[in-house]
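Inspection log for the structure reproduced underneath, given as structure tokens.
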Amino acid sequence: MLPADSPLLSGLNEAQERAVTSEADSLLIVAGAGSGKTSVLTRRIAALIASKRSWPSQILAITFTNKAAGEMRERVEALLGDVAEGMWISTFHSACVRILRTEADHFGYSKAFTIYDSGDQRALIKRLIRDQGADRLGLSPSSVAAKMSRLKNELVDVDGYRSRVQENDPNDVAFFQIWADYQAELLRSQALDFDDLIVTTVQLLRAVPEVAAQYRRRFRHILVDEYQDTNHAQYALIRELTKPVPPDLVPEQAPEEQKKKGIPAASLTVVGDSDQSIYAFRGADIRNIVEFERDFPGAEVVLLEQNYRSTQNILDAANAVISHNFDRKAKNLFSDQGAGDPIIGFTGYSQHDEAQFVADEILSLMDTGYRYSDIAVFYRTNAQTRALEELFIRQAVPYRVIGGTKFYERLEIKDLLAYLQAIANPADTLAVRRILNTPKRGIGPATESALVAHAESTGITLSAALAEAEQLGLGPKVTGAMADLNALLAEMRASVERASAADILSAVVDRTGYRDILNRSDDPQDLARVENIDELIAVATEFSRGNQEAGLVEFLTEVSLVAAADELDDSGGTVSLMTLHTAKGLEFDAVFITGVEEELLPHRMSATEPGGLAEERRLFYVGMTRAKKKLHLSLAMSRATFGEVMMSAPSRFLQEIPEHLIDWRESGLPDPALERPRPSLSREPAPLPRAPREKNTSWANRVDTVVRDNSELELLAGDRIRHDDFGEGTVNAVTGQGPKRVAEVAFDEAGKKRLLIKIAPITKVDA
DNA sequence: GATCTGGTCGTTTTT
DNA sequence: CGACCAGATC
């Protein structure tokens, strides 16, 4: 028991206090958006330790991202000091990797197994499809990957699927064969894909009772965040870990009483909100949370409804939207922060116009004391970043795209990581294949085939075949190239035990000449690649410094499992751009949700899926509830996709928000004759965009195809300039250096803008 | 074996 | 419109 005046309880409301102190064996915390869930979870962990109900090492907490795990650890440490040392706080995937590396010999894998990301997976499946000639059947890598993933999430493995194959469906037969080959290849390469990490852990716990007993005995308190987004395999994992240990499996060194009576099941706390379930497409099963009380009889349920994040206007709008999902438990978030500002709505003519609105609003937020890092822009699909980025660059809005084309997916990064993987795990066929001729050393497809054939016929790994390259009887040049590569790999492997990941990486970059080759290139893209390589080395150096005892394998694990949200950098002065999915669990003072249009949000693809519309609505709800003070909803009347301009209609979700909560803004009209858009579908037509304010010339944001370079243009505060789109204005200030010089201009009609001078379509006007 | 080019295809969402 | 791939050419 905690004393009533414990600092762990200070400032909590009654429900939160119950959630922190409950001693129930199973506890479900239904935590509405912004209800202080993270705080409750960290205090609950701290309370378990402070009240001596648990040692830190007996705690396993599962979070959705590595970043959330890191923050939770810090907060527990802030409450208790470094007793938090032995706790496991991590994502499902990281926890599984940790178990699997420790127990590798129980399932025939090396501790240094490779984790294949979706790119690796795709490449492998593609090769297998081609080998089988199954491409003509309409089997695409993505469809095969999706089907495999779906089955794995349901804990169906290749053997289990064998009896379910539709023999009269050639498609299914081919799929089965590809899947079987895929798993065989992964085993041969000592590799696991993302889904395998969970599945294999479940299988391990089920197959080896001694191992299961060991973890059940260790983890006495298990806490799972974002429980509404767990899939069946993750659910099964939790179930396995929360089973009691029978007396005969209690280890020798355990206390007498445990050996006599066995060890009871661990306590389980799950936190979730079915209104925020947005991952059904990757197997998340909302039933896991809905049926928690049935699965864990006697469970205590705590409902957190008070919101500490947003103003009441934002909550009213969000509540109104989500209430249109039937089949949900009624829940109404409330706040004591007052109504706050109205939500701002905007209808643009194009995505460029919409982007201009976002940029303008960001600028005016900055004037009222916001920092860039307080602001986020959300969208449904990654493709929507283009228009935003284009404009942000031109108008010098510092931004960062979270997720998107991930750093670790870039060609040069994948290449170098493949070296590291091949060094750590010589069996990794995919990695060895990738580096065979990267950088170019004259080992082409023919040589590769010969090498693979040699490996397969003699039953050795591709790495081992490389060491026997002279037996292939190829030309001296190719043979020499293979011998050189082999020597490099052998030398690096010999150093794995003593050298850090950063040292090995640097050695690879130097010895392969990878950087030198890029430096000699005249392609400007290659310059960026060199920078990426240096950044990778910096990441590795930082990792090695922060984790003294960790080596190459640990580094590779870390980079394999980074989540999009992990990239978030809240110290930096940048606006964050991300998908609505990535936004889950985050909060910002000011939020922009863009592209609130039919076909986009809800996305057209969701229309055909059962429950698709409801999930899109939850997605919109998640986005809205990220905002603390300012919420902006914007759309474009037309949107160019595939180079074709399509008209778009306002999202039906806008209809669901009470009119008085939104203050609609209006873009300048390019053509007064043009009918104004009405963000309303049927029912009462909402009196949306009102009459235009003053004449506003800021609509068009045409991409300038003329190569412009104003680097030499000298500008000073007070100068008058003319801009192709915005007309004339006065320069208020010039900041920045060289190509990054920025002019702050007050335009006579278009208002205040920031412009990247180098590329701005401006000329000086004589006063 | 490397590079170029024309054609195809595609956009949900992610660990 | 642009990324990516397969086949043709040097």
Side-chain angles (χ1 to χ4, degrees), chain A residues 62-69 90-97 115-119 121-123 126 130 135 140-142 145-146 149 152-153 192-199 226 229-231 233-234 277-284 378-387 390 402-406 408-409 411 436-437 439-448 474-475 477-478 481 523 557 559-566 578-584 595 599-609 612 615-616 618-620 622-623 639-646 703 705:
Chain A
I62 302 290
T63 57
F64 204 65
T65 64
N66 299 298
K67 184 162 184 281
S90 72
T91 62
F92 269 109
H93 293 270
S94 302
C96 286
V97 170
I115 301 164
Y116 278 2
D117 68 16
S118 13
Q121 186 182 40
R122 214 187 107 88
K126 205 170 154 191
R130 211 178 354 220
D135 33 356
S140 66
S142 60
S149 177
K152 287 180 181 184
N153 288 335
L192 296 170
D193 66 26
F194 285 140
D195 296 323
D196 288 338
L197 296 177
I198 314 285
V199 172
E226 307 286 6
D229 280 324
T230 51
N231 60 36
Q234 291 164 335
S277 163
I278 54 174
Y279 281 105
F281 73 91
R282 69 166 198 215
F378 303 156
Y379 36 81
R380 179 65 177 84
T381 68
N382 283 305
Q384 287 168 254
T385 53
R386 269 226 174 78
E390 194 177 89
I402 311 297
T405 309
K406 293 191 204 98
Y408 293 107
E409 284 170 12
L411 181 81
L436 219 40
N437 199 31
K440 304 266 187 305
R441 50 171 76 87
I443 305 178
T447 310
E448 184 180 328
L474 295 166
K477 219 170 144 191
V478 185
D523 184 345
T557 303
V559 302
S560 300
L561 297 179
V562 284
D566 296 340
M578 70 191 83
T579 64
L580 286 161
H581 283 89
T582 302
K584 192 178 75 160
E599 308 281 278
L600 202 51
L601 184 63
H603 197 274
R604 65 174 69 81
M605 302 300 266
S606 71
T608 54
E609 291 159 19
E615 178 144 322
E616 297 288 304
R618 289 194 293 269
L619 196 52
F620 186 47
V622 165
R639 194 169 284 276
T641 38
F642 293 109
E644 231 181 331
V645 179
M646 310 274 283
V703 182
T705 43

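A note on names: the letters A, B, ... follow the listed sequences, proteins ahead of strands, and every chain is numbered from 1. None of these values were measured; they are calculated from a predicted model.
Within the structure, every side-chain polar atom (N or O) of A/N231 is placed at least 4.0 Å from both OP1 and OP2 of B/dT15. In this structure, A/T582 reaches the B/dT14 phosphate: one of its side-chain N or O atoms is under 4.0 Å from OP1 or OP2. Note on A/N382: every side-chain N or O is 4.0 Å or more away from OP1 and OP2 of B/dT11.
Between the NZ atom of A/K584 and the C1' atom of B/dT14 there is a distance of 11 Å, rounded to whole Å. Rounded to whole angstrom, the span from the NZ atom of A/K477 across to the C1' atom of B/dA2 amounts to 12 Å. Protein atom CD of A/Q121 is 16 Å distant from nucleotide atom P of B/dT14, rounded to whole Å. Remark: P of B/dG10 and NE2 of A/H603 are 14 Å apart, rounded to the nearest angstrom. At whole-Å resolution of the value, CZ in A/R122 and C1' in B/dC9 are 11 Å apart. Atom pair A/R604:CZ and B/dT13:C1' shows a separation of 14 Å (rounding to whole Å applied). Here B/dT15 presents its P atom at 14 Å from OH of A/Y408, a figure rounded to the nearest Å. Note: CG (A/L197) to P (B/dT14) measures 19 Å, nearest angstrom.
Toward the 5′ end of DNA chain B lies the nearest nucleotide of A/V478, the other residue of the pair A/L561 and A/V478 mapping further downstream. In terms of position on DNA chain B, the residue among A/K440 and A/S142 whose nearest nucleotide sits closer to the 5' end is A/K440.
Checked against B/dT3, B/dT14, C/dC5, the side chain of A/T579 finds its nearest nucleotide in B/dT14. Closest to the A/R282 side chain, of the nucleotides B/dA2, C/dC5, B/dT14, is B/dT14. Checking B/dT13, C/dG2, B/dT15 against the side-chain heavy atoms of A/T381 singles out B/dT13 as nearest.
The residue A/A446 sits close only to the backbone: its heavy atoms come under 4.0 Å of sugar-phosphate atoms, none of a base. Across all strands, A/Y279 comes closer than 4.0 Å only to sugar-phosphate atoms, never to a base (heavy-atom distances). Nucleic acid contact class of A/T608 (heavy atoms, under 4.0 Å, all strands): none. Among the protein residues, A/D117 comes within range of no part of the nucleic acid, since none of its heavy atoms lies under 4.0 Å from any strand.
More than 12 heavy atoms of other residues, nucleotides or ligands shown are found within 6.0 angstrom of CZ on A/R441.
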Where do N or O atoms of nucleotides 6-10 of chain C meet protein N or O atoms at under 3.5 Å, pair by pair?
| from | atom 1 | to | atom 2 | distance (Å) |
| --- | --- | --- | --- | --- |
| C/dA6 | OP1 | A/R130 | NH1 | 3.2 |

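Judged purely by distance below 3.5 Å, without hydrogens or angles, the side chains of A/Q121 and A/S118 never pair a donor atom with an acceptor atom. No hydrogens or angles considered: nothing links the side chains of A/S560 and A/T557 as a donor-acceptor pair under 3.5 Å.
No donor-acceptor pair closer than 3.5 Å links the side chain of A/N66 to the backbone N or O of A/S90.
Ring geometry for A/H581 versus A/F281: interplanar angle over 60°, hence perpendicular rather than tilted (30 to 60°). Classified by interplanar angle (parallel below 30°, tilted 30° to 60°, perpendicular above 60°), the ring pair A/Y279/A/F64 is tilted.
Taking the P atom of each, B/dT11 and C/dA6 are spaced 16 Å apart, rounded to whole Å.
Taking the 5.5 Å centre cut-off and the 30° plane limit, the aromatic side chain of A/F281 is classed as stacked on B/dT13.
A/T91 and A/T65 make their closest contact through CG2-C, 3.4 Å (heavy atoms, listed as atom of the first residue, atom of the second, distance).
The shortest distance between side-chain heavy atoms of A/K152 and A/D196 falls below 4.5 Å.
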